[in-house]
Amino acid sequence: MADDTPPFRYTATLADDIELRWQDWWDEHGTFETPNPTGPLGDAATTQARGEKLFVLDMFPYPSGTGLHVGHPLGFIGTDVFARFKRMTGHNVLHTMGFDAFGLPAEQFAVETGQHPAITTDENVATYRRQLRRLGLAHDPRRGVSTTDPAYYRWTQWIFNQIFNAWYDAEADRARPIAELIAEFESGTRAVPDGRAWSALSPGEQADIVNDHRLAYVSEAPVNWCPGLGTVVANEEVTADGRSDRGNFPVFKRNMRQWMMRITAYADRLIDDLDVLDWSDAIKTMQRNWIGKSHGADVDFQVTTTSGDAATITVFTTRPDTLFGASFMVLSPEHPLVGELTTPEQATIVADYQQAAAAKKDVDRQDETREKTGVFTGSYATNPINGEVIPVWIADYVLMGYGTGAIMAVPCGDARDFEFARTFGLPIPAIQQPPDAWFEAHEIAPTLDTEQWPEAFVGDAPYVQSSNDTLDLNGITTKDEGIALVNAWLESHESGQATITYKLRDWLFSRQRYWGEPFPIVYDSDGRPHSLPDDMLPVELPETDSFSPRTFEPDDEFSNPESPLDRLEWWVDVELDLGDGVQRYRRDTNVMPQWAGSCWYELRYLDPTNENRFVGAEVEEYWMGPRTDQRPDHPGGVDLYVGGVEHAVLHLLYARFWHKVLFDLGHLTSKEPYARLFNQGYVQAAAYQDERGIYVDATKVDGNPDDGFTLDGRPVSREWGKMGKSLKNAVSPDDMYAEYGADTLRLYEMATGPLDASRPWETRDVVGMYRFLQRLWRNLVDEDSGDLVVVDTPADDDTITLLHRTIDVVRTEMDALRFNTAIAKLIELNNHVTKLDATPREIAEPMVLMLAPLVPHVAEELWAKLGHDDTLTYEGFPTADPARLIDDTVEVPVQINGKLRSRIVVATDADQATIEAAALADDAVVTALAGGAPKKVIVVPRRMVNVVV
RNA sequence: GCAGAGGUGGCGGAGUGGUUAACGCGCUGGGCUGAGGGCCCAGUCCUUAGUGGAUCGCAGGUUCGAAUCCUGUCCUCUGCACCA
């Protein structure tokens, strides 16, 4: 900077001074502390005075070791602007931020640096807090919880116990305390599964039955074992190509004894309640797809095993109406009946096929482009609906993990079955008459001879060749009707039943890692789990230096998980009195997955210091209770939740599940955690790769799109990607603070586009918003003296009108989270003020207030210079005078044949005839008419006139 | 393949039946300033320079009038994917 820069110009240095000063002021005055109606943070009077409640929430940030980049705070700034705006329009706004600090990446970072994860986590959190504070976010600092704090995870463990000590009553369609289940067994109102009397069971047998009902249960089941991570992971954490979400290691299906959460009990409610959520259809669709509910039927096919016994193959189908077209069956190679159905002649070929299928990686098995493969078992089954004897095959396109692991193949109506039948020369009977248009599209004449069909017909069409002695579908045209008739027939003939299946599996909840919440569970000498009572919580994570998990070669499928906690014999072995006198127990050595802490954090924000309850009942009802005043079916929950789409199925599904359990058990009044979800876009940035395809540091690249890009003289190629460490294109907010200040950064991020759109980061564009703030500053402050230059003389009429129009638009746009257009309007107003001889106070004050949510520091500073001695946080947002929104006269475009030819000025309330007369008198129109009469004149008052000649 | 979102100046984006292109960046010229930077003004599709013409992925259509509505088509992004 040169010496002659005016001392009070709005420079980065001045911005830095203003911003730090106001951040301290806000902290000292507790400006952003939000009162609760009651409880530890209770202040009923202030709560009342602040106005209607509003809970604004950002997705729980995970404090990574590399600190923030400018892409992270996009949503944080958006929620801050919105929350500040709402404070100024009479709302009691709750907005805070804590940290999701447990989990794999924290632990991996700790392993890399050799530091204990507790230390690195604390450092990372401190860095995040510093960087976020520097942005001027108006968070209530008292509520910023961390999941790694024992005072926090004490309640995470308490919630686990609630889930453990609950079961799902399918009849009541809700979770209930496990004690009520035991009471039902004891009283005999609920029958014991094997029919014996409850009192006849040993205590151990009783415990096993009860444990089988719990919402959190230990089970030996196929799980995703990831040797590269040394832990099992949930289905949701496995990518489509069978690798781990974190680390991209191979994942293997293995039977292991693990903790599961019975999320499947909630499948229907998780789908149905999507209807009452204000979420995007895209996210709702993703959740529905993940839950994957499909209606269909289980159909029983009778077979005779090679040893002559009768057996039943049950298949699941969504199209029982096509049963008449089932011409063969296909079992998964892993299906338990395969052995008994394989004839000696086929034994070798079947065994070979099974072996080949087992050896295939999931990746290969899911490659749909490959040829259909499969082998015949040698056995035949009977189609229950028409008595046809059909061959039983095995093929790896049928998966054991879905439905029953067996399908009936209806090749005429299913693309895969069709392809399979063609490949192996199996019959393809037609059971529907496709419409003529279908044949035309395939350029063949209509025929039921499927030999001529190029592919399966999938859709609604009249059934043909679909009848037996007691059922006739022929002529029926809708599949719903067909399904209903076949289902009824199957049930009355005891050959099957209507049923529903889900793709959703129970949630695998345990991890063999160190950096997570320990389970509040111990095992007795029989190996049965017991939850620890409240007064033994929290179960603190034990101190140890050996926090690294045992990991394996990523493809070492048959390795076994070893939890770091297993090694801590002093901690694992305990003597406790759980009611039956002091006994020895072994602690559970798993830890919870990272999702646990984020399943309920929004509830702890409400009442972070409550030591008696995870959240006070009245506090929860105040902040999250159903807003039936807004709409009758409002489920309750956070008023605005902002975050990226990447959590569409993981976090959002898990959190909804926990919330519903807590709701069922009577701990909450809201039945959903997040009433409104808004998905922000991402900040993308140019990333560069060298000739080897390795990403290089984007800040060191020279060049431009026309001449190409280089690094140290060598060419590099450019692409756009999500900003982050892996693409080496991160820009730190610290650099932006230093160069322009936080207000400029905030403004730039909000101005580059609507909040839900992804946008490229261009550091060189930031200067535009910096200049805007400089012009704003100069309109109010003398750059040489620092004195206010605002005058108390009234503003002229045009300026006042512009002010009110700006207020009108800015209010609407901010309320709708469209900050980019609000900023554009404010720039226009400021540009107009720039042209005035002096800035009238009656313009300056509302302009500063309107800018306050966006650029709070400079707004506070100007507000103070304008003579106010308190923060503007709770000042009323300016209100537009409706009379100022309408002019006396209006300029109306005059079109001739739809082309703009002239403009006329008429009174705003002029009637059609007056406007038409004025238009016809216009020179351009007179010329165009050349003395003739117009064919037609269209007049839209206040909008336009169109003269057709 | 299926589903969803989207294609607007050199760039990010406004505008969703009525004056197309708000606001910002970049670029060009001029002015102020000792240079730099900054600020101010004008311009930035074509143009024979006209109160001219074209234009919102492409092609049709509806309408007095289309970026906006409809049909088809191409492309991009996101999600799902042998799910029975």
Side-chain angles (χ1 to χ4, degrees), chain A residues 1-2 4-6 9 11 240 280-286 288-290 292 294 296 315-319 322 330 332 365-370 372 395-399 401-410 414-417 419-420 501-503 645-646 648-649 679 704-706 747-748 751-754 756-762 764-769 771-772 774-775 778 783 809 813 818 820-828 830-831 834-835 891-903 923-924 927 934-940 942-949:
Chain A
M1 273 296 154
D4 62 344
T5 301
R9 171 166 289 176
T11 59
S280 72
D281 288 336
I283 297 274
K284 288 184 181 183
T285 303
M286 280 188 240
R288 284 197 192 96
N289 287 346
W290 186 261
S294 43
V315 304
F316 173 74
T317 175
T318 56
R319 294 295 304 275
T322 63
V330 186
S332 163
R365 236 173 120 157
Q366 284 172 13
D367 179 5
E368 71 187 73
T369 57
R370 70 195 176 84
K372 286 272 177 292
D396 62 6
Y397 78 90
V398 177
L399 308 174
Y402 184 80
T404 60
I407 63 162
M408 63 180 208
V410 183
D414 180 283
R416 287 157 309 163
D417 296 344
E419 198 188 325
F420 193 86
T501 60
Y502 300 89
K503 212 176 83 174
V645 290
E646 72 271 22
V649 286
N679 293 113
N704 60 61
D706 296 329
L747 205 52
Y748 171 72
T752 43
D756 53 355
S758 292
R759 73 282 312 266
W761 176 271
E762 286 282 12
R764 63 177 189 175
D765 288 359
V766 178
V767 71
M769 293 300 119
R771 288 178 191 151
F772 164 48
Q774 286 187 327
R775 283 198 296 275
R778 203 160 40 232
E783 294 192 330
V809 173
E813 298 301 279
R818 290 190 294 260
N820 54 329
T821 47
I823 292 167
K825 282 290 170 191
L826 287 162
I827 290 173
E828 279 182 82
N830 189 56
N831 286 348
T834 304
K835 295 184 177 76
E891 188 188 66
V892 173
V894 178
Q895 299 175 347
I896 295 168
N897 291 339
K899 293 282 181 192
L900 176 69
R901 283 295 180 270
S902 183
R903 294 181 172 87
D923 288 350
T927 312
K935 257 190 207 157
K936 193 173 181 182
V937 180
I938 293 130
V939 178
V940 181
R942 293 169 56 191
R943 300 313 298 258
M944 47 65 66
V945 178
N946 189 10
V947 181
V948 185
V949 299

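Note on naming: letters A, B, ... go to the chains in the order of the sequence lines (proteins, then strands), and numbering restarts at 1 for each one.
Using cut-offs of 30° and 60° for the angle between ring planes, the A:Trp761 and A:Tyr748 rings count as perpendicular.
In this structure, CZ of A:Arg778 is placed 8 Å from C1' of B:rG38, rounded to the nearest angstrom. Distance A:Glu419 CD to B:rG1 C1': 12 Å, rounded to the nearest Å. If you take CD1 of A:Ile283 and P of B:rC80, they are 11 Å apart, rounded to a whole angstrom. With rounding to whole Å, A:Arg319 atom CZ is found 11 Å from B:rA84 atom P. Rounded to an integer number of Å, the gap from CG of A:Asn289 to P of B:rG79 is 13 Å. With rounding to whole Å, A:Asn946 atom CG is found 13 Å from B:rG18 atom P. One interatomic measurement links the two molecules: CZ of A:Phe772 to C1' of B:rC40, which rounds to 18 Å at whole-angstrom precision. Rounding to whole angstrom units, CZ of residue A:Arg288 and P of B:rG79 are separated by 19 Å.
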Evaluation steps, side chain to side chain contact (heavy atoms under 4.5 Å, CB included), between A:Val939 and A:Val945: CA-CA 5 Å; A:Val939 178; A:Val945 178; 4.3 Å; yes
*A:Glu813 and A:Asn820: side chain to side chain contact (heavy atoms under 4.5 Å, CB included), yes or no, with the steps?*
CA-CA 8 Å; A:Glu813 298 301 279; A:Asn820 54 329; 5.9 Å; no
Quick test: give all pairs of protein nitrogen or oxygen and nucleotides 4-8 of chain B nitrogen or oxygen below 3.5 Å, distance rounded to 0.1 Å.
none

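For B:rU62 and B:rU71, the C1' atoms lie 11 Å apart once the distance is rounded to whole Å. Rounded to a whole angstrom, the distance from the P atom of B:rC56 to that of B:rA66 is 11 Å. On the P atoms, B:rC45 is 23 Å away from B:rC39, given to the nearest whole Å. The C1' atoms of B:rU55 and B:rU47 are separated by 14 Å, rounded to the nearest whole Å. A gap of 25 Å separates the P atoms of B:rG34 and B:rG26, to the nearest Å. Comparing B:rC80 with B:rC70, their C1' atoms sit 30 Å apart, to the nearest whole Å. The C1' atoms of B:rU28 and B:rC58 are separated by 33 Å, rounded to the nearest whole Å. Nucleotides B:rA67 and B:rG9, compared at atom C1', are 13 Å apart to the nearest Å.
For A:Arg416 and B:rC83, the shortest distance from a side-chain N or O to OP1 or OP2 is below 4.0 Å.
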Annotated structure of RNA chain B as dot-bracket, pair cut-off 3.5 Å, Watson-Crick or G-U only, | for inter-strand, is ((((((((.[[[..)..(....]]](((((((.....)))))))((.....))...[[[[[..)....]]]]])))))))....
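Taking both residues in full, the closest heavy atoms of A:Thr404 and A:Val315 are given as OG1-CA, 3.3 Å, listed atom of the first, atom of the second, then distance. Between A:Val892 and A:Met944, the shortest heavy-atom contact is CG1-CA, 3.4 Å. The two residues A:Ile938 and A:Val948 come nearest to each other via the heavy atoms CD1-CG2, 4.4 Å.
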Once base and sugar-phosphate atoms are separated, protein heavy atoms under 4.0 Å mark nucleotides 19-27 of chain B, 5' to 3', with B, S and - as B--BSSSS-
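You'll find that the side chain of A:Phe316 is closest to B:rA84, out of B:rG13, B:rA84, B:rC40. If you check B:rG79, B:rA84, B:rC80 against the side chain of A:Met286, the one that comes closest is B:rG79. Closest to the A:Val940 side chain, of the nucleotides B:rG12, B:rG18, B:rA84, is B:rG18. The side chain of A:Lys503 has B:rC80 as its nearest neighbour among B:rC80, B:rG12, B:rA84. Looking at the side chain of A:Tyr397, the nearest of the listed nucleotides B:rC83, B:rC39, B:rC82 is B:rC82.
Nucleic acid contact for A:Val948: sugar-phosphate only, since backbone atoms but no base atoms lie under 4.0 Å from a heavy atom of the residue. Residue A:Thr404 is classed as having no contact, given no heavy-atom separation below 4.0 Å to the nucleic acid. Counting any heavy atom pair closer than 4.0 Å across all strands shown, A:Lys835 reaches sugar-phosphate atoms only and no base atom.
Not counting sequence neighbours, A:Phe316 has no partner by the ring-ring contact (aromatic ring centres under 6.0 Å, His included) test. By the side-chain hydrogen bond (donor to acceptor under 3.5 Å, both in side chains) test, A:Asp414 is found to be paired with A:Arg416, residues two or more places apart in sequence or in another chain being considered. For A:Arg943, the salt bridge (charged side-chain N to carboxylate O under 4.0 Å, His left out) test picks out no residue, with sequence neighbours left out.
A 4.5 Å side-chain heavy-atom check between A:Thr285 and A:Asn289 finds at least one atom pair inside the cut-off. Under the 4.5 Å side-chain criterion, counting only non-hydrogen atoms from C-beta, A:Val809 is not in contact with A:Thr821.
Note that the CG atom of A:Asn831 and the NZ atom of A:Lys835 stand 5.5 Å from one another [nearest 0.5 Å]. Rounding to the nearest 0.5 Å gives a distance of 11.0 Å between CG of A:Asp281 and CE of A:Met286.
Remark: the backbone N or O of A:Arg778 is not paired with any side-chain donor or acceptor of A:Arg9 at under 3.5 angstrom.
Base orientation of B:rG9: syn, the glycosidic angle falling within 90° of 0. Base orientation of B:rG50: syn, the glycosidic angle falling within 90° of 0.
Taking the nucleotide of RNA chain B with the nearest heavy atom to each of A:Asp414 and A:Ala757, the more 5' of the two is matched to A:Ala757.
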